[in-house]
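Worksheet: one structure, shown below.
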Amino acid sequence: MSDEREEPETTAPDSTDRTDGTGGATPGSTGESTAPGGTGGTTPHEHRAHEHAAPPVTGRQRLVAGLWPPRLSRAQLTVAVLLFVLGLGLAIQVSSTSDSGGALRGARKEDLVRILTELDNRTQRLEDEKRGLESQRSELETSSNQAAEALKQTQAKAQQLGVLAGTVAAQGPGITLTITDPKGGVEADSLLDTLQELRAAGAEAIQINDIRVVADTYFTEGADGVLIDGHKVAQPYEFKVIGNPQDLEPALNIPGGVVQTLEKEQATADVVRSQKIVVSALRPSKQPDYARSSSQ
């Protein structure tokens, strides 16, 4: 017997897959390991593909993808353009309305009351004129001597038209407006605005310095200053106005009105009420060349 001990035989690992009792391959028998935390049967390639997969799409992303790029038909594009134009027009209208009402937004309570009173007075004047015309018509219809009544009313109307045309002198209650312009900032358009405001307030006869104001009066800028109907007028500009003083004076003093506008031009406007204003400047009476009364 030999002194050497026989080393115990070691069995080399079987290179073939071992199967369990069901005939399936046991994990790890092929030398491929399962990824940590992964499920059995997931290969490293599949695991890396899973890691690089796109994140899920959110609802907002789907909404954006549906709206952009826009897919518009010709009819939808036409409607969009029309709506844009309509919105632009409304915005411009609102902006202009806001600008025109800026002076009233900053007005005091008493100024607003004054403006409303002036509007009421204008309405009352129109109502009075309407009643006067209706009374004249009634007198013509009921008068026994219609010819004499018609002549009387015609003469009265001719007198009124003469006052408006500036061919006859006039007197009555009213105001005197004196505009002093030491800086020379008052231009023709400012005087025209003043005239228009007085007319709107019910002025019946107006004289500026020595010039009678009528329907076709015009203002221009000359080399030496303001011209009225082609005649130079020097300051101070004195307006003699016949009308209701309680209507005329507030119309000039409303917020953003004539007086405030002149003050911005460094001019002053003095208004004096009077129960007797005389408008003596006259216009020559002109006979029309071609127009004739249709009643002749």
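No hydrogens, no waters, no symmetry mates; every other heavy atom, side chains included, goes into these values.
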Does one hydrophobic cluster hold both [X] and [Y], with members joined at side-chain heavy-atom distances below 4.5 Å?
| X | Y | answer |
| --- | --- | --- |
| Ile211 | Val279 | no |
| Phe239 | Ile242 | no |
| Ile208 | Leu227 | no |
| Val213 | Val163 | no |
| Ile254 | Ile175 | no |

*Should we say atom CD of Glu129 is surrounded by more than 12 heavy atoms from elsewhere, each under 6.0 Å from it?*
no

*Take atom CD in Gln159; do more than 12 heavy atoms of anything else shown fall under 6.0 Å from it?*
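Atom CD in Gln159 is not packed in, count stays at 12 or less.
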
Quick check against the 3.5 Å criterion: does [X] have a side-chain atom that pairs as donor or acceptor with the backbone of [Y]?
| X | Y | result |
| --- | --- | --- |
| Gln266 | Gly185 | no |
| Ser190 | Val186 | no |
| Arg212 | Ala281 | yes |
| Gln207 | Ser280 | yes |
| Asn209 | Glu238 | yes |
| Arg199 | Thr194 | no |

*So Leu248 and Asn244, side chain to side chain contact (heavy atoms under 4.5 Å, CB included) or not? Walk me through it.*
CA-CA 6 Å; Leu248 296 173; Asn244 186 357; 5.7 Å; no

*Take Thr176 and Val271 through the test side chain to side chain contact (heavy atoms under 4.5 Å, CB included) and record every step on the way to the result.*
CA-CA 6 Å; Thr176 299; Val271 181; over 6 Å; no

Can you give me the closest heavy-atom contact between [X] and [Y], atom names plus distance?
| X | Y | result |
| --- | --- | --- |
| Ala169 | Leu282 | N-CD2, 3.4 Å |
| Ser274 | Pro245 | O-CG, 4.1 Å |
| Gly230 | Tyr218 | N-OH, 3.5 Å |
| Val226 | Ala188 | CG2-N, 4.0 Å |

*Can Leu198 and Leu252 be said to form a side chain to side chain contact (heavy atoms under 4.5 Å, CB included), step by step?*
CA-CA 8 Å; Leu198 291 170; Leu252 299 175; 3.8 Å; yes

*What distance do Ser135 atom OG and Lys130 atom NZ have between them, rounded to the nearest 0.5 Å?*
14.0 Å

*asked:* Can you confirm whether the side chains of Gln235 and Thr180 place a donor and an acceptor under 3.5 Å from each other?
replied: no

*For Asp128, which residues count as a side-chain hydrogen bond (donor to acceptor under 3.5 Å, both in side chains) partner, sequence neighbours excluded?*
Gln124, Arg131

_Note: Arg273-Glu249 ion pair, threshold 4.0 Å (strictly below)_ =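 Salt bridge flag = yes for Glu249 with Arg273.
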
_Could you go through Asp193 and Thr261, starting from their C-alpha distance and side-chain angles, then the distance that decides it, and tell me whether this counts as side chain to side chain contact (heavy atoms under 4.5 Å, CB included)?_
CA-CA 10 Å; Asp193 291 341; Thr261 302; 6.0 Å; no

*Does the side chain of Lys183 come within less than 4.5 Å of Glu265's, by heavy atoms?*
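No, too far: nothing below the 4.5 Å cut-off.
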
*With side chains defined as the heavy atoms from C-beta onward, is the minimum distance between Leu191 and Tyr237 less than 4.5 Å?*
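Yes, at least one pair of side-chain atoms sits under 4.5 Å.
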
